[in-house]
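Following: one structure in structure tokens, then a few remarks.
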Amino acid sequence: MRDTELYRHVLGLEAPWEVSRVELSAEGERIDVWVDHPRRTRWKCPECDLVLPTYDHAEEREWRHLDTCQFLTYLHARPPRVECPEHGVLRIRLPWAEPMSRFTVLFERLAIDVLQACDVEAASRLLHTSWDETWHLMQRAVARGKAAKDDAVPVHVGVDEKAAGRGQDYVTIVSDLDRGTVEYIADKREQTSLDGFFDQFSPAQLEAIEAVAMDMWEPYANSVRAHLADADDKIVFDRYHVMSYLTKAVDTVRKAENRALAAEGDKSLSGSKYLWLYSAENLPARHRGCFAELRDTDLKTSRAWAIKETIRHFWEYKRRGWAERHWKSWFFWATHSRLQPVIDAAYTLKRHLCGLLSYFAHRITNAGAEGLNSRVQAIRVQARGYRNRENFKTAIFFHLGGLALYPQTH
């Protein structure tokens, strides 16, 4: 089989395209393949599919293709142009590459697979491309996926923030809790950050949103109230963040009590910090004995921990009415505990009680968003940081956006 015929099959070319010549550079470990077509070939207008004669050819272009063994392979051609009476002079669609791409469709599909398995730096080494070329392939995939995505509104929305840099540097991440995908990313964690997500949709589309799970961050709640009807019935404050308030209160009680006991020479609380932060079922088996002894003593920390553990039963009820009864009992206990950090936490939860009780209408949590948050952190760590914020967002959408990243083959 001639080399031109071989590469016609390798490239998957069909008439009128044919391979005109192949050049191999053993020293440069490179193969160049030139593609051409017969004279008087007629082409479809890329806008309206009207069949037209060749008007002229653009300058010769080069596309990187899949390697031939250890040889880098490049495709060369002069793209034909047609003169459409309606759309003017346009370059035709090429079967092996997308418009404005320097890579064939098959190479882009391979690159996406590699980028999904490793970071950009490692992918560039495997693909024998520069860092910028590899990053551009990721950007093109994300842009392609966003363009193909439908404008359906998530029924259950998750809202969370993620540290994007040092200090109080955050991005707001909006997710579809049902699909487990990132839908929107905005800078900071302000009301305007979340406003941008809702502003993408019409009022009629926003009616499809049944619930929004979030932490008790008032700017987020204000954004939901500004855009959704019956917003307070749709806001569900996340269980994880509720428990974090009480866990922090327990730790504050422990610190104060430990200092008081240490001043009297009592070191019973020394080294026990992390034991009190566990929930009962997650306590490691090796610590259960000593923790049981601490828990059964008459310590303020022990009472604070018991109060924290009791609120966890709130989410186990099947009916809202029984949950409200549990809340009232728990709130009375917490506010009469004479433990100021616990009292403060209880009143904080009371101010957000509507968002806690709405859980029983929707039965959703922000656990999916928290899981995405962990994967976002893994993306950031894997890349050892990003050159700019937009690159960080692009990587999140690439890995977690649920987008159709691959170019279409012809």
(message) Can you see whether Asp176 engages Thr181 through a side-chain donor-acceptor pair at a distance of less than 3.5 angstrom?
(response) no
(message) Checking Glu133 against Arg102 for the salt bridge (charged side-chain N to carboxylate O under 4.0 Å, His left out) test, could you report, in this order, the C-alpha distance in whole Å, the side-chain angles of both residues, the deciding distance, and whether it holds?
(response) CA-CA 9 Å; Glu133 286 176 328; Arg102 289 291 184 180; over 6 Å; no
(request) Measure from the side-chain N and O atoms of Thr348 to the backbone N and O of Asp344, and report whether any donor-acceptor pair falls under 3.5 Å. (result) yes
(message) Return the CD to OG1 distance between Glu257 and Thr252, rounded to the nearest 0.5 Å.
(response) 12.5 Å
(message) Would you compute the distance between atom CG of Leu110 and atom CG of Leu115 and round it to the nearest 0.5 angstrom?
(response) 9.5 Å
(request) Kindly say whether Ile235 contributes a backbone atom to a donor-acceptor pair with the side chain of Ser358 at under 3.5 angstrom? (result) yes
(request) Give a yes or no on whether the ring-centroid distance for Trp327 and Trp330 is below 6.0 angstrom. (result) yes
(message) Just so I know, are the side chains of His65 and Val33 near enough to count as touching, which here means a heavy-atom distance under 4.5 Å?
(response) no
(request) Answer yes or no: is there a side-chain heavy-atom contact under 4.5 Å between Leu228 and Phe198? (result) yes
(request) Classify the ring geometry between Trp43 and His37 as parallel (under 30°), tilted (30 to 60°) or perpendicular (over 60°). (result) perpendicular
(message) Just checking Arg288: does its CZ atom have more than 12 heavy atoms from other residues, nucleotides or ligands closer to it than 6.0 angstrom?
(response) yes
(request) Using a cut-off of 6.0 Å, state whether more than 12 heavy atoms not belonging to Lys393 lie near its atom NZ. (result) yes
(message) Using 30° and 60° as the class boundaries, would you call the ring planes of Tyr220 and Trp217 parallel, tilted or perpendicular?
(response) perpendicular
(message) Using a 3.5 Å distance criterion without hydrogens, assess whether the side chain of Thr104 forms a donor-acceptor pair with backbone atoms of Trp96.
(response) no
(message) Determine whether Val250 and Leu277 satisfy the following criterion, side-chain contact (heavy atoms from CB on, under 4.5 Å), listing intermediate values before the conclusion.
(response) CA-CA 8 Å; Val250 172; Leu277 301 183; 5.8 Å; no
(message) Can you confirm whether Glu14 is buried at CD, in the sense that more than 12 heavy atoms of other residues, nucleotides or ligands lie under 6.0 Å from that atom?
(response) no
(message) Any side-chain to backbone donor/acceptor pair from Trp131 onto Val120? Under 3.5 Å, distance only.
(response) no
(request) Mark yes or no for whether Arg303, through its side chain, and Ser337, through its backbone, hold a donor-acceptor pair below 3.5 Å. (result) yes
(request) Could you tell me whether a side-chain N or O of Arg225 sits under 3.5 Å from a main-chain N or O of Ala231, the two making a donor and an acceptor? (result) no
(request) Quick one: pull up CG in Leu127 and CZ in Phe103 and give me the separation to the nearest 0.5 Å. (result) 8.5 Å
(message) If you define the side chain from C-beta out and look only at heavy atoms, does anything of Gln70 sit under 4.5 Å from Asp67?
(response) no
(request) Inspect the contact between Asp32 and Arg30 and indicate whether a charged nitrogen and a carboxylate oxygen are less than 4.0 angstrom apart. (result) yes
(request) Considering non-hydrogen atoms only, spot the tightest contact between Phe71 and Ser25 and give its length. (result) CE2-O, 3.9 Å
(request) Could you check if a side-chain atom of Leu246 sits within less than 4.5 angstrom of a side-chain atom of Leu349, using non-hydrogen atoms only? (result) yes
(request) For a ring pair (Phe, Tyr, Trp, His ring centres under 6.0 Å) with Phe291, tell me which candidate from Trp305, Tyr274, Tyr278 qualifies. (result) Trp305
(message) Looking at Arg325, I'd like to know if its CZ atom is crowded, meaning that more than 12 non-hydrogen atoms belonging to other residues, nucleotides or ligands lie closer than 6.0 Å.
(response) no
(request) Using the side-chain contact (heavy atoms from CB on, under 4.5 Å) rule, take Asp160 and Lys162 through it: C-alpha gap first, then chi angles, then the decisive distance, then the call. (result) CA-CA 7 Å; Asp160 204 2; Lys162 177 63 187 173; over 6 Å; no
(request) Could you tell me whether the side chain of Trp135 reaches within less than 4.5 Å of the side chain of Thr394, counting heavy atoms only? (result) yes
(request) Examine the side chains of Asp132 and Ser130 and answer whether a donor and an acceptor come within less than 3.5 Å of each other. (result) no
(request) Nearest 0.5 Å please: distance from the CD1 atom of Ile364 over to the CG atom of Asp238. (result) 9.0 Å
(message) Does the plane of the ring in Phe197 sit parallel, tilted or perpendicular to the ring in Phe201? Use 30° and 60° as the thresholds.
(response) perpendicular
(request) For the residue pair Phe314 and His326, categorise the inter-ring angle as parallel (less than 30°), tilted (30 to 60°) or perpendicular (more than 60°). (result) tilted
(request) Would you verify whether the NZ or CZ of Arg109 falls within 45 degrees of the ring axis of Tyr406 while also being under 6.0 Å from that six-membered ring's centre? (result) yes
(request) Give a yes or no answer on whether the side chain of Thr73 reaches the backbone of Thr68 with a donor-acceptor pair at less than 3.5 Å. (result) yes
(request) Step by step, work out the side-chain contact (heavy atoms from CB on, under 4.5 Å) result for Lys248 and Lys308. (result) CA-CA 10 Å; Lys248 185 177 180 180; Lys308 183 260 292 186; over 6 Å; no
(message) Taking the basic N atoms (NZ, or NE/NH1/NH2) and the acidic carboxylate oxygens, is any pair closer than 4.0 Å for Glu324 and Arg320?
(response) yes
(request) Mind listing the closest non-hydrogen atom pair of Lys44 and Val51 along with its distance? (result) CG-CG2, 4.1 Å
(message) Could you tell me if Tyr170 and Ser193 have a donor-acceptor pair between their side chains, going purely by distance under 3.5 Å?
(response) no
(message) Less than 4.0 angstrom from a charged side-chain N to a carboxylate O is my criterion; do Asp119 and Arg125 meet it?
(response) no
(request) Compute the centroid of each ring, for Tyr359 and then for Phe237, and state whether the two points are separated by less than 6.0 Å. (result) no
(request) Please examine the side chains of Glu210 and Lys234, heavy atoms only from C-beta on, and report whether any two atoms are closer than 4.5 Å. (result) no
(message) Whether Asp56 and Arg81 form a salt bridge (side-chain N of Lys/Arg under 4.0 Å from carboxylate O of Asp/Glu) is what I want to check.
(response) yes
(message) Within this structure, what is the OG1-OH distance for the pair Thr365 and Tyr240, rounded to the nearest 0.5 Å?
(response) 12.5 Å
(message) Tell me whether Asp251 is salt-bridged to Arg254, with the criterion being a basic N under 4.0 Å from an acidic carboxylate O.
(response) yes
(request) Before giving the answer on side-chain contact (heavy atoms from CB on, under 4.5 Å), spell out for Ile112 and Arg140 the whole-Å C-alpha distance, their side-chain angles and the decisive distance to 0.1 Å. (result) CA-CA 10 Å; Ile112 290 168; Arg140 282 180 56 84; over 6 Å; no
(request) State, to 0.1 Å, how close Ala211 and Val236 come at their nearest heavy-atom pair, and which atoms those are. (result) CB-CG2, 4.4 Å
(request) Please tell me if the side chains of Glu83 and Leu52 come closer than 4.5 Å, counting only heavy atoms from C-beta onward. (result) no
(message) Looking at every heavy atom in both Asn391 and Gln139, which two are closest together, and how far apart are they?
(response) OD1-NE2, 4.2 Å
(request) Mark yes or no for whether His399, through its side chain, and Val376, through its backbone, hold a donor-acceptor pair below 3.5 Å. (result) no
(request) Would you indicate whether the side-chain heavy atoms of Thr41 and Pro80 approach each other to under 4.5 Å? (result) no
(message) Distance check, rounded to the nearest 0.5 Å: Ile92 atom CD1 versus Thr54 atom OG1?
(response) 7.5 Å
(message) Regarding Arg144 and Glu108, does a basic nitrogen lie under 4.0 Å from an acidic carboxylate oxygen?
(response) yes
(request) Please determine if Arg312 and Glu281 form a salt bridge, counting it only when a charged side-chain N lies under 4.0 Å from a carboxylate O. (result) yes
(request) Please answer whether the main-chain N or O of Gln205 pairs with a side-chain N or O of Ser202 as donor and acceptor at a distance below 3.5 Å. (result) yes
(message) Please determine whether a side-chain nitrogen of the Lys or Arg among Lys149 and Glu183 lies less than 4.0 Å from a carboxylate oxygen of the Asp or Glu.
(response) yes
(message) Which heavy atom of Phe398 sits nearest to which heavy atom of Leu405, and what is that distance?
(response) O-CD1, 3.6 Å
(message) I need the minimum non-hydrogen distance between Cys290 and Leu275, along with the two atoms involved.
(response) SG-CD1, 4.3 Å
(message) Whether the side chain of Glu47 engages the backbone of His87 through a donor-acceptor N/O pair (distance < 3.5 Å, no angle test) should be reported.
(response) no
